[in-house]
Each structure stands twice: as C-alpha cells, then as structure tokens.
There are 2 protein chains.
Amino acid sequence: MKTIKIPEATIIRLSVYSRYLAQCDRRGIVTISSNEIAEGVGVSSAQVRKDLAYFGEFGTRGVGYNVKDLHRHIMKILGLNQKWPLVIVGAGNLGTALSMYGGFRERGFHVVGIFDDDPNKIGYKLNGVEVFPISKLKEVVAEGGAKIGVITVPAPAAQEVANALIESGVKALLNFAPVVLSVPPEIELRNVDLSVNLEILTFNLGYRRGID
Amino acid sequence: MKTIKIPEATIIRLSVYSRYLAQCDRRGIVTISSNEIAEGVGVSSAQVRKDLAYFGEFGTRGVGYNVKDLHRHIMKILGLNQKWPLVIVGAGNLGTALSMYGGFRERGFHVVGIFDDDPNKIGYKLNGVEVFPISKLKEVVAEGGAKIGVITVPAPAAQEVANALIESGVKALLNFAPVVLSVPPEIELRNVDLSVNLEILTFNLGYRRGID
DNA sequence: GACTGTGAAGCCATTCACAGCT
DNA sequence: AGCTGTGAATGGCTTCACAGTC
C-alpha cells in the first residue's frame with residue numbers, strides 16, 4: 001500500500017497545463033519545453049517538471065515534450081480519458097447555469113439529471129436534461145451511472161441533500177452552498193464558495209494594500 | 001514599509017469562520033473558544049488562533065472570544081464593513097446566475113451593471129439590474145463606483161474584456177473563463193475554474209484511490 | 001482550571017542547481 | 001548545446017507545547 005502524496009496544487013496546475021497544451025496542439029505546435037509551458041501558464045519551469053515527475057517521465061532530454069502525448073497523459077492522470085456522468089441538485093440560477101455550462105461538457109462531464117423540490121420546475125428540460133423531483137434521485141443516479149453530485153441548493157438544505165446523494169450511490173460531491181458539510185471519509189468532497197473568492201479580492205484591495 | 005505576509009489560506013479560513021460565527025450569533029451564543037470554532041469548521045484550534053493572531057488579540061485568556069465582536073473584527077479584516085459595487089461582463093447563463101446569486105448580496109456585494117455584446121440581451125433587466133452594451137462599461141463603472149469586475153464570457157473573449165475592465169477603472173478581477181489572463185501587477189486577479197474542481201474530484205476518484 | 005497567544009519544531013511545497021541524456 | 005529529471009536547499013504553513021492571563 002504505497003501512498004505517494006501528491007499536492008493538490010499540483011493537480012490544479014496539471015489541469016491548467018492540459019488546457020494550455022490543448023491550445024498549443026490546436027495551433028499545430030508539436031514539441032514544447034518545460035520553460036515554454038511555464039511561461040504560458042505563469043509558473044516556474046522547475047515547477048512544471050516537478051509536477052510531471054510525480055507521474056513518470058514524459059519528456060526527452062535535450063528536446064522537450066511532445067504536445068499531443070503530454071496532453072493525453074495529463075488527461076489520463078486527471079481521469080478525463082472517460083466520460084463522467086453527474087447529477088445536479090438545485091435547479092435555481094446556479095444549478096441551471098452549471099447544467100448549461102459548456103466548460104463541463106468539453107472536459108467529459110455531462111449532466112444526466114437535475115433535481116429540485118419545487119413542483120413548478122419538475123418536468124422542464126434544461127439544455128435537454130430533465131428536472132426531476134428529489135424522490136427520483138436514486139433511480140436516475142443508478143441509471144445514468146453518475147458518480148458525482150453537484151449541490152446548488154441554499155445552505156440550510158445542503159446537508160440533507162448531501163446525505164440523499166450519498167445514499168443514492170454518488171461517490172463525490174461538489175458543494176456550492178456556503179456551509180461545512182459532514183460526509184463519510186470515503187466520499188470525496190470539494191467546496192466552492194463563490195463569495196470567498198470575492199472576499200480575497202476585497203481583503204487584498206483593503207488590508208494588504210494598506211500595509212505595503 | 002513593513003509587509004507582514006499573510007497566507008491566502010488564512011484569508012479563506014477567516015471567511016469560513018465569519019460565516020460560522022454569524023450562525024452562532026443567530027443561535028444566541030455569546031462566547032466561543034478557538035476549540036469550538038475549530039470543531040465547527042473542521043480545522044485545528046491552534047490554526048484558528050494563529051489565523052487570528054496575524055491581526056491582533058481578539059480573545060480573553062481563560063474565557064474565549066465574544067462571538068459578535070470577533071465576527072465584526074473578521075468582517076472588517078476582510079473588507080466587508082462596506083458595500084462593494086461590482087460589474088459583471090457576460091450575460092450568459094453563468095453571468096446571469098451570479099447576478100442573481102443571493103450569497104453575494106448577503107456579504108455586501110451588489111451588482112451595478114451587467115454587460116454583453118449580444119444586442120438581443122441589451123436593455124433586459126436581470127434581478128433589477130440592466131444589461132448594457134460593452135460600450136457603456138466605463139460610464140457605469142464610474143457612476144456605480146465599481147472596483148470589482150467579474151468576467152463570465154467565453155475564454156477567447158476574456159483577455160479583451162479584462163483589458164476593457166481595467167481601462168474602465170476597475171481594480172480587481174474575478175475571472176471565470178478557463179484561460180490565463182495577463183494583467184498589470186497592481187490589478188488584483190483571481191481565477192475560478194469550475195471544471196478544475198470537478199477534475200480534482202475525478203483525480204481523487206481515479207488515481208489516488210488506485211495507489212492507496 | 002480554562003483558554004489565549006506565541007516561539008519553536010515539524011512538515012510540506014517550491015526553487016535551486018546540476019547530473020544525465022539526446 | 002539544450003533540456004529533462006531529481007536530490008538538496010530553501011521558504012512557508014501548520015502543529016506542538018507551554019508561558020501568560022483571567
């Protein structure tokens with residue numbers, strides 16, 4: 001049971017590299033150095049090499065990396081060499097926006113169901129995906145093979161929704177509600193708090209600026 | 001020019017603490033220990049104390065912290081003791097969702113204008129806020145006193161929009177387009193890539209799980 | 001006795017610098 | 001000569017442990 005600890009920061013950067021490589025590939029670039037990647041995405045070249053070194057040797061000394069190959073390798077590392085069906089709970093503005101968000105589909109994520117407890121929304125189709133009542137969660141997750149659940153309900157409902165998603169068989173949760181969820185350790189959980197990002201900006205505009 | 005370096009992770013946690021404290025306050029809790037905060041938000045108590053210590057001494061030894069006071073202090077640190085007008089460029093699904101997102105208003109962020117280059121969208125009101133053509137950017141930013149610009153346009157248009165926002169006088173950018181923007185150093189920039197968060201989940205579901 | 005505030009220790013991530021290929 | 005891959009050094013964040021205060 002060897003566990004090599006990989007920094008989360010590395011995963012985030014791999015995701016950025018993959019997008020940059022895809023762009024280079026579209027431009028017809030065949031070979032690229034760690035330095036060029038570094039400049040393209042705004043990190044150091046040593047960082048690029050270290051990040052890649054966690055997963056193997058993908059380059060050729062004296063030459064660089066083959067763009068297509070490296071891109072494919074990174075996509076595989078990120079688990080994006082397959083489709084990822086997912087469900088969204090909460091058909092409010094954010095849930096609706098996410099269900100139509102092109103950036104997901106591009107990377108292999110596709111929405112198999114959206115859920116809401118508002119009877120007025122049930123049956124509607126958003127971007128071709130039906131809005132179901134929460135009672136259908138288990139059924140749709142199973143049929144669609146969804147391993148990921150996205151939570152876009154108001155904070156007070158989020159824990160309950162998380163429980164229902166886990167109960168229905170989902171293995172990973174992406175939570176947009178500004179609340180700390182408690183889930184069993186085997187469930188992968190990530191929180192995205194949209195306000196936090198604005199608050200880092202306001203902190204930097206105010207406090208940090210004041211003391212420099 | 002003394003610059004105390006404050007970890008970004010600290011700012012993120014302060015934001016979480018503030019929400020937890022607000023919740024405690026609503027429940028009528030008057031005093032709270034670092035340990036109780038720690039358990040409530042899932043970090044260590046030493047971490048809570050260290051985070052707060054960057055900014056002063058807010059507690060009483062042997063007692064703990066006054067909930068209301070500490071909350072107010074943190075809000076001030078984050079710069080949330082004032083209103084923050086902002087503009088959103090890109091009236092697609094995401095921009096629309098964000099403009100209606102209640103979580104922003106709660107924390108003092110309010111949208112003074114939404115911009116799009118699609119003539120069909122111009123003049124519409126989203127949640128009481130008008131959709132303007134990009135040509136009105138400078139005017140609306142100035143009148144509304146917006147210091148923050150949110151970018152929710154497709155990736156190819158993002159750099160151009162960033163330039164226009166900076167030109168119009170905005171000091172900070174929150175970018176949702178999956179692209180690396182280049183901006184002058186005095187402009188605060190944060191990137192939110194919604195797909196990256198899903199990709200960390202798929203990495204953890206796939207790779208990490210495989211080697212444990 | 002309880003809990004904060006903080007120097008010191010420990011740990012993890014990034015950067016450096018160079019050996020090793022092509 | 002050019003560029004990767006990597007051990008060693010550095011820097012920064014977190015945890016420890018306890019002195020200080022109520």
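In what follows, chains are A, B, ... by sequence order, proteins preceding strands, each numbered from 1.
Comparing Asp51(B) and Gly64(A), the nucleotide of DNA chain D nearest to each residue sits closer to the 5' end for Gly64(A). Two residues, Val63(A) and Tyr54(A), neighbour DNA chain C, and the one matched to the more 5' nucleotide by heavy-atom proximity is Tyr54(A). Mapping Ala46(A) and Thr60(A) onto DNA chain C by nearest heavy atom places Ala46(A) at the nucleotide closer to the 5' end.
For Gln47(A), a side-chain nitrogen or oxygen approaches OP1 or OP2 of dT15(C) to under 4.0 Å. A close approach under 4.0 Å does not occur between any side-chain nitrogen or oxygen of Arg61(A) and OP1 or OP2 of dA19(C). Contact check, Lys5(B) against dC13(D): a side-chain N or O comes under 4.0 Å of OP1 or OP2. OP1 or OP2 of dC3(C) has not a single side-chain nitrogen or oxygen of Ser34(B) nearer than 4.0 Å.
When every heavy atom of Val196(A) is checked against every heavy atom of Ser15(B), the shortest pair comes out as CG2-OG, 3.3 Å.
Here the C1' atom of nucleotide dT4(D) and the CD atom of Glu36(A) are 14 Å apart, to the nearest Å. In this entry the distance linking CZ of Phe55(A) with C1' of dT4(D) reads 17 Å, nearest Å. In this entry the distance linking CG of Leu52(A) with P of dG5(D) reads 7 Å, nearest Å. When the C1' atom of dA17(C) is taken as reference, atom CG of Asn35(A) falls 15 Å away, rounded to whole Å. If you measure from atom NE2 of His73(A) to atom P of dT4(D), you get 16 Å, rounded to the nearest angstrom. Here dT4(D) presents its P atom at 12 Å from CD of Glu57(A), a figure rounded to the nearest Å. Per the geometry, CD belonging to Glu8(A) stands 16 Å off P belonging to dC13(D), to the nearest Å. dC3(D) atom P lies 11 Å from atom CZ of Arg49(A), rounded to whole Å.
Side-chain atoms of Lys50(A) and base atoms of dT6(D) include no donor and acceptor less than 3.5 Å apart.
Lys138(A) and Glu167(A) are joined by a salt bridge, as a carboxylate oxygen and a charged side-chain nitrogen come within less than 4.0 angstrom of each other.
Around the NE2 atom of His71(B), the shell of radius 6.0 Å holds more than 12 heavy atoms that belong to other residues, nucleotides or ligands.
Residues Val161(A) and Phe115(A) fail the side-chain proximity criterion, which asks for heavy atoms closer than 4.5 Å.
The side chain of Ala53(B) lies closest to dT6(C) when the candidates are dT14(C), dT4(D), dT6(C).
Ring geometry, His73(B) versus Phe58(B): the interplanar angle falls from 30° to 60°, so the pair is classed tilted.
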